[in-house]
Amino acid sequence: MSRILIVEDEAIIRSALRRLLERHDHRVSEAGSVAEALSLEPQGFDLVISDLRLPGEPGTDLIARAAPVPVLIMTSYASMRSAVEALKQGAVDYVAKPFDHDELLETVARVLHQQATQQGEPPDITEPGGKRQTMIGNCPAMQVVYTRIRKAAPADVTVLVQGESGTGKELVARALHQQSRRAGAPLICVNCAAIPETLIESELFGHEKGAFTGASAARTGLVEAADRGTLFLDEIGELPLDAQARLLRVLQEGEIRKIGSVETRHVDVRLIAATHRDLQHLSTTGEFRLDLYYRLNVMQIDLPSLRERDDDILQIADVLLGKACRRHEREGLRLSRAARRTIRDYPWPGNVRELENALERGVILSEGHLIHPDDLGLAAAPRPPVEPASDVSTSPPPAEPAPGEGDDLSLEDYFQHFVLEHQDQMSETELAQKLGISRKCLWERRQRLGIPRKKSPRRNTG
């Protein structure tokens, strides 16, 4: 059980954050200022989560004074430049307020796992022979992945990670960084699909004051924040063409130029890119620069989908089941033989995320000491295989035919049909509003169902 110190002057936020973390088996202490946090001896905790702006000293003062304990900074979106500065001062990461609960929990789990690995403590899974891994599995395809990581990490070359959504591409990026010579420098992770096209260049490369409408102050880009470290660009296939041209210059010349500036700056960044799409095919349709593809594809790591990992599925399920049992205080629950067969035979189009959700349902719904197939909430017989995300990327998926009068349309079928039918006429914001979900939720469902985002026409950001 991890010990976490929350440093936040607003009692409501502090209390809500404490309840959230305690529900996920963390022991939590609270402080309202840096001085109060220091009185609790922050070096005795596993993680410090601190607001950036506090009465008296700023939260960044804890970075050095709590060392070697990692400090996670909380900041508002409007203060993103300050968050980048906090990363440069040694913060392990930052979360923007108001934060998404799942995103915060994932960040906390990742930081704690990374800290445990760096301290030499065994992670959740120990491979045969005592070799620690950040991922689970021994199938031949994953052994190839492990070998590629071990060889590519110290070589300091650009790496392209390919695989369906939910296969663990970010885990590969973190393993590459942690085993490289840059492990002591920042790892900056950027999801290219989650940032609006109108902001992506500013977020990556920064801008000068007055560079465009709304640029009321200069901003340091995330590429510059990763200087001497590693930049991980997830879903790079969604990167607009203008940003691709700028990124190509970073790879070729090691230089960046902020939007609205005539000066260039040198950066030393190792790039790791990931995608579930076929970049080479996208280059033939003009959606991705062929010269950038060749620059990215120095070393390629292909992650297998869960349905291709027959020998690993039950091992992964056992680990995820153990975590779910601890979260819900249902220790001792096991999968029945029938449930294990169901898990082994199911195609898992959503990969590990879908498996984790099914096991969570099983823990909640089971009434005895065994989890049965019905508790998992999966179809009694696997439906026809869903087109894998990598195939979807090779050509835009055709819209599903409108359902007949008597069809039973599932929520996912409705979502896919609605998005494909209306995305040519609606913006991402309008689509999300019509569906009654957030833009982030819209993007996540696009990734899970393999629905590519409609490309916007080229624009002039200068």
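Side-chain N/O atoms of Q300 and D302 include a donor and acceptor closer than 3.5 Å.
The closest side-chain heavy-atom distance from L320 to L355 is below 4.5 Å. Residues E8 and L17 fail the side-chain proximity criterion, which asks for heavy atoms closer than 4.5 Å. Using a 4.5 Å heavy-atom cutoff, the side chains of V172 and Y146 are not in contact. In this structure the side chain of C192 never reaches within 4.5 angstrom of the side chain of D234, judged on heavy atoms.
A side chain to side chain donor-acceptor pair (under 3.5 Å) with H276 is found for one member of Q162, E235, E164 and no other, namely E235. Of the residues H177, Q178, R182, the one that meets the side chain to side chain donor-acceptor pair (under 3.5 Å) test with T230 is H177. Here the rule is side-chain contact (heavy atoms from CB on, under 4.5 Å) with R270, and of L231, T158, D156 only D156 fits it.
Under the rule for a side chain to side chain contact (heavy atoms under 4.5 Å, CB included), the partners of E360 that lie at least two apart in sequence or sit in another chain are A324, R327, H328, I364. Applying the side chain to side chain contact (heavy atoms under 4.5 Å, CB included) rule to A245 yields the partners R289; only residues at least two apart in sequence or on another chain are considered.
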Could you walk me through whether Q280 and S283 pass the side-chain hydrogen bond (donor to acceptor under 3.5 Å, both in side chains) test, one step at a time? CA-CA 5 Å; Q280 192 167 18; S283 68; over 6 Å; no
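Ionic pairing of E170 and R174 is present here: one or more N-O contacts between side-chain nitrogen and carboxylate oxygen are shorter than 4.0 angstrom. Note on R326 versus E331: no salt bridge recorded, every NZ/NE/NH1/NH2 to OD/OE distance being 4.0 Å or above.
Not a single donor-acceptor pair under 3.5 Å links the side chain of S202 to the backbone N or O of L199.
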